[in-house]
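Everything on this sheet refers to the single structure shown next.
Just so you know, these numbers use all the heavy atoms, side chains as well, and skip hydrogens, waters and symmetry mates.
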Amino acid sequence: MNSKKEHYNPNEPDDHPLNLASPGKRADPGADEAARLYSYRAPGSFTDRIDWSNPDDPLLRQVMPSGEELQRVVGFTTDPLQEAECVPVPGLIQKYPGRVLLRVTRDCAIHCRYCFRRHDKNRGGEELAEDWAASLRHIRQDWQIREVILSGGDPLMVSDQRLAGLAGKLAAIPHLTRLRIHSRMPVASPERVGDKLLGWLNGTRLTPMMVIHCNHPAELSKEVVAALGRLAEGGVPLFNQSVLLKGVNDRVDILAELSERLLDARCTPYYLHLLDPVAGAAHFQVGENRAKKLTADLRLKLPGLGVPTLVREIPGEGAKTVL
């Protein structure tokens with residue numbers, strides 16, 4: 001998509017960390033270089049939730065460039081999930097039977113420092129619109145595909161008009177039954193959840209679902225909870241996936257509070273991912289044994305439906321590996 005007006009960008013996210021005044025920010029001589037390699041970006045509706053006096057604020061840690069990103073760590077690569085090997089046509093990823101992931105854009109409203117596609121984003125934020133036709137042809141020809149996942153970047157960076165058109169084309173493929181949206185936008189920019197979005201989500205015969213991405217209870221502002229409420233009341237089942245991140249949510253009390261608040265917002269805690277080993281994010285890694293202990297402790301605090309499934313994604317495996 002080349003037209004700015006077709007791109008959803010409500011807050012014109014800031015693109016450089018030095019524009020952010022943080023009274024408690026520690027001197028970090030490597031931050032500028034980290035930002036050059038992977039730019040800072042976060043909308044005001046997200047940064048308003050940050051405690052800028054606390055250099056260890058869990059939301060700040062997720063978005064602020066750090067010299068730690070410059071460390072080279074064995075096993076941490078630019079394509080940790082080897083997605084390049086799972087692309088039948090440009091813009092489409094097919095890892096598992098019965099479903100495909102359609103990347104509608106590379107753009108995101110927020111640049112999470114641990115993102116496994118962080119190196120891909122540096123190619124530019126343009127929508128992969130030129131690849132939709134080939135993707136649709138591939139989906140039509142594979143009768144085993146029942147579900148399409150819209151991803152990116154973040155698919156909700158694309159306008160509702162464009163997404164409605166895509167949803168209609170997908171609904172015209174007879175063997176498809178479900179349309180799943182993976183988006184951080186309801187958390188990063190909750191104002192994105194409006195009537196037009198709900199209209200196209202419910203405007204076809206496909207069963208809509210949305211998987212959001214929230215890592216810490218402090219992300220769940222009243223505006224975010226209201227946005228989730230609009231989706232739930234609009235008949236869209238909600239699920240959350242988190243990444244287990246050192247210094248952000250690697251405590252049982254934080255994970256328990258996150259699950260409780262998600263359940264209260266009618267969003268099911270779905271997956272807790274071990275960090276994908278992407279170059280630049282090794283400082284967020286939590287070991288597998290500690291992760292297992294955290295989830296075991298969660299089971300003692302929460303009802304079963306509040307305990308997300310701890311998983312690791314291993315390239316080439318036929319499904320996520322449950323730990």
Does any pair with a residue in [range] pass salt bridge (charged side-chain N to carboxylate O under 4.0 Å, His left out), and if so which ones, sequence neighbours excluded?
{"range": "residues 172-183", "value": "Glu147-Arg178, Glu147-Arg180"}
{"range": "residues 63-82", "value": "Arg61-Glu68, Glu69-Arg113, Glu69-Arg118"}
{"range": "residues 195-219", "value": "Arg184-Glu219"}
{"range": "residues 302-311", "value": "none"}

Going by distance alone, is a donor N or O of one side chain under 3.5 Å from an acceptor N or O of the other, for [X] and [Y]?
{"X": "Thr105", "Y": "Asp107", "result": "no"}
{"X": "Asn240", "Y": "Ser242", "result": "yes"}
{"X": "Ser221", "Y": "Glu223", "result": "yes"}

Glu260 with Lys301: basic N within carboxylate O range, under 4.0 Å: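 Result for this pair is no, no salt bridge flagged.
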Arg192 bridged to Asp160 by N-O distance under 4.0 Å: yes
Qualifying ring pair (Phe, Tyr, Trp, His ring centres under 6.0 Å) pairs, either residue in residues 187-238, two or more places apart: Tyr114-His213
Straight-line distance of Ile173 CD1 to His175 NE2, nearest 0.5 Å: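 Reported value, rounded in 0.5 Å steps: 6.0 Å.
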[X]: partners by side-chain hydrogen bond (donor to acceptor under 3.5 Å, both in side chains), with sequence neighbours left out:
{"X": "Lys169", "answer": "none"}
{"X": "Arg146", "answer": "none"}
{"X": "Arg230", "answer": "none"}
{"X": "Glu233", "answer": "Arg266"}

[Y] reachable from [X] in the ILVMFWY side-chain graph, under 4.5 Å edges:
{"X": "Leu238", "Y": "Leu201", "result": "yes"}
{"X": "Leu92", "Y": "Leu206", "result": "yes"}
{"X": "Val252", "Y": "Val286", "result": "yes"}

With sequence neighbours excluded, residues passing salt bridge (Lys or Arg N to Asp or Glu O under 4.0 Å) with Arg137: none
Give every donor-acceptor pair under 3.5 Å between a side-chain atom in residues 303-323 and any protein atom, sequence neighbours left out.
unit_1 : atom_1 : unit_2 : atom_2 : d
Arg312 : NH2    : Glu288 : OE1    : 2.9
Glu313 : OE2    : Lys95  : NZ     : 2.7
Glu313 : OE2    : Tyr96  : OH     : 3.0

Contact list for residues 267-278, test side chain to side chain donor-acceptor pair (under 3.5 Å), sequence neighbours left out: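 Qualifying pairs: Gln241-His273.
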